[in-house]
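Let me begin by presenting the structure, written as structure tokens, before commenting on it.
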Number of protein chains: 2
Amino acid sequence: MKCPSYNLFFETIATKVRMEIMCLLREGPKSVSQICKILGEEQSKISHNLKKMAECHILDVKQEGKQRIYSLNKDTIIPILDLVEKHVHKYCGQECMKKK
Amino acid sequence: MKCPSYNLFFETIATKVRMEIMCLLREGPKSVSQICKILGEEQSKISHNLKKMAECHILDVKQEGKQRIYSLNKDTIIPILDLVEKHVHKYCGQECMKKK
DNA sequence: ATAACATATGAATTAGATTTCATATGAAAT
DNA sequence: ATTTCATATGAAATCTAATTCATATGTTAT
């Protein structure tokens with residue numbers, strides 16, 4: 001049986017912070033410090049997380065002066081999120097998707 | 001900012017074993033012991049993992065005599081896998097999606 | 001060249017999730 | 001009713017991944 005290891009991809013969107021980053025960037029590109037400020041999280045924490053996401057090409061980066069602007073890879077990620085949203089709405093009446 | 005907590009959904013497909021289970025069930029429904037045998041994994045390990053996946057409605061279960069038959073929720077999961085596959089193929093030349 | 005700001009990175013720690021092991025539950029057969 | 005087979009479950013142990021903290025790197029301005 002061949003089984004592609006997409007697990008790294010899923011791992012990379014599987015935490016609360018990263019999901020929040022994705023949601024935030026869905027509204028538009030942001031710099032690291034902007035993300036930190038909005039989410040109320042520490043800079044190194046955010047940077048570590050951004051790095052992982054960029055490695056999976058979930059995010060793109062570009063340098064702008066001193067800043068690094070991160071943006072969603074809308075091309076592939078948005079459609080995936082849409083499908084997941086559909087799954088959740090269809091099968092999960094609020095409670096189902098929560099941590100126990 | 002509203003940010004739905006889909007992270008539990010992603011977590012639930014984010015490990016090697018679970019990805020393997022999904023790939024296996026993509027070929028058709030299987031009982032717990034069949035899955036154990038094919039993957040060469042312990043029964044309780046598989047059961048714990050199946051439980052999580054079923055809680056997220058990624059899998060369905062039905063009782064057949066003594067056995068429990070697990071199957072993929074093809075309706076929503078297959079399309080998601082297809083999109084992820086697309087992402088991986090587009091952006092990741094083998095190396096990218098591997099553990100470091 | 002140096003200072004100031006923005007971000008990245010390494011290593012230790014911490015936190016959380018997975019596995020393991022022992023045992024419990026449930027279904028069918030005798 | 002009891003045994004057997006199939007699966008589930010709880011709790012402890014183990015792993016792995018995320019966070020933290022200190023510091024390094026990189027960029028622009030002076």
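Quantities reported herein were computed from a predicted structural model and do not represent experimental measurements. Every chain is numbered from 1, with letters handed out A, B, ... down the list of sequences. Just so it is clear, the values below take in all heavy atoms, side chains as well, and ignore hydrogens, waters and symmetry mates.
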query = For the pair made of CG in B/Asn7 and P in C/dG16, what is the distance, rounded to whole Å?
reply = 13 Å
message = My understanding is that only residues two or more places apart in sequence, or in another chain, count here; which of them pass side chain to side chain contact (heavy atoms under 4.5 Å, CB included) with A/Thr15?
response = A/Val17, A/Arg18
inquiry  = Please check this pair: side chain of A/His87 against backbone of B/Cys56, looking for a donor-acceptor N/O pair closer than 3.5 Å.
reply    = yes
Pair B/Arg68 + B/Glu64: basic N to acidic O under 4.0 Å = no
inquiry  = Under 4.0 Å from OP1 or OP2 of C/dA8: is there any side-chain N or O of A/Tyr70 that close?
reply    = yes
note = Checking D/dT27, D/dA6, D/dA8 against the side chain of A/Gln63 (C-beta onward), the nearest is D/dT27
task = Give the nucleotide from the list C/dA4, C/dT20, C/dT18 with an atom nearest to the side chain of B/Arg18.
result = C/dT18
task = Taking only the side-chain nitrogens and oxygens of B/Asn49, find out if one of them lies under 4.0 Å from OP1 or OP2 of C/dT19.
result = yes
request  = Identify which nucleotide among C/dT7, D/dC5, C/dT20 has an atom closest to any side-chain atom of B/Lys66, counting heavy atoms from C-beta outward.
outcome  = D/dC5
C/dA6 phosphate, OP1 or OP2, under 4.0 Å from A/Ser31 side-chain N/O = no
inquiry  = What is the separation between atom CG on B/Leu39 and atom P on C/dT19, rounded to the nearest whole Å?
reply    = 12 Å
task = Verify the contact: side-chain N or O of B/Arg68 to OP1 or OP2 of D/dA6, cut-off strictly under 4.0 Å; return yes or no.
result = no
ask   = If you check the B/Lys52 side chain, which of C/dT18, C/dT7, D/dA8 turns out closest?
value = C/dT18
note = Tested for side chain to side chain contact (heavy atoms under 4.5 Å, CB included) against B/Leu59, the lone hit among B/Leu25, B/Thr12, B/Asn73 is B/Leu25
ask   = Nearest to the side chain of B/Thr15 - C/dT18, D/dT7, C/dT7?
value = C/dT18
Where do N or O atoms of nucleotides 9-11 of chain C meet protein N or O atoms at under 3.5 Å, pair by pair?
{"residue": "C/dG10", "atom": "O6", "partner": "A/His48", "partner atom": "NE2", "Å": "2.6"}

inquiry  = Just the rounded figure in Å: distance from C1' of C/dG16 to CD of A/Glu11.
reply    = 13 Å
ask   = Rounded to the Å, how far apart are B/Leu50 CG and C/dT18 P?
value = 13 Å
query = For C/dT30, which nucleotide is its Watson-Crick or G-U wobble mate, given both distances must be under 3.5 Å?
reply = D/dA1
ask   = Under 3.5 Å, is there a donor-acceptor pair between the side chain of B/Lys30 and the main chain of B/Gly28?
value = yes
message = Under 4.0 Å between a side-chain nitrogen and a carboxylate oxygen: does that hold for B/Lys74 and B/Asp82?
response = no
request  = State whether the side chain of A/Gln63 and the backbone N or O of A/Gly65 hold a donor-acceptor pair below 3.5 Å, judged by distance alone.
outcome  = yes
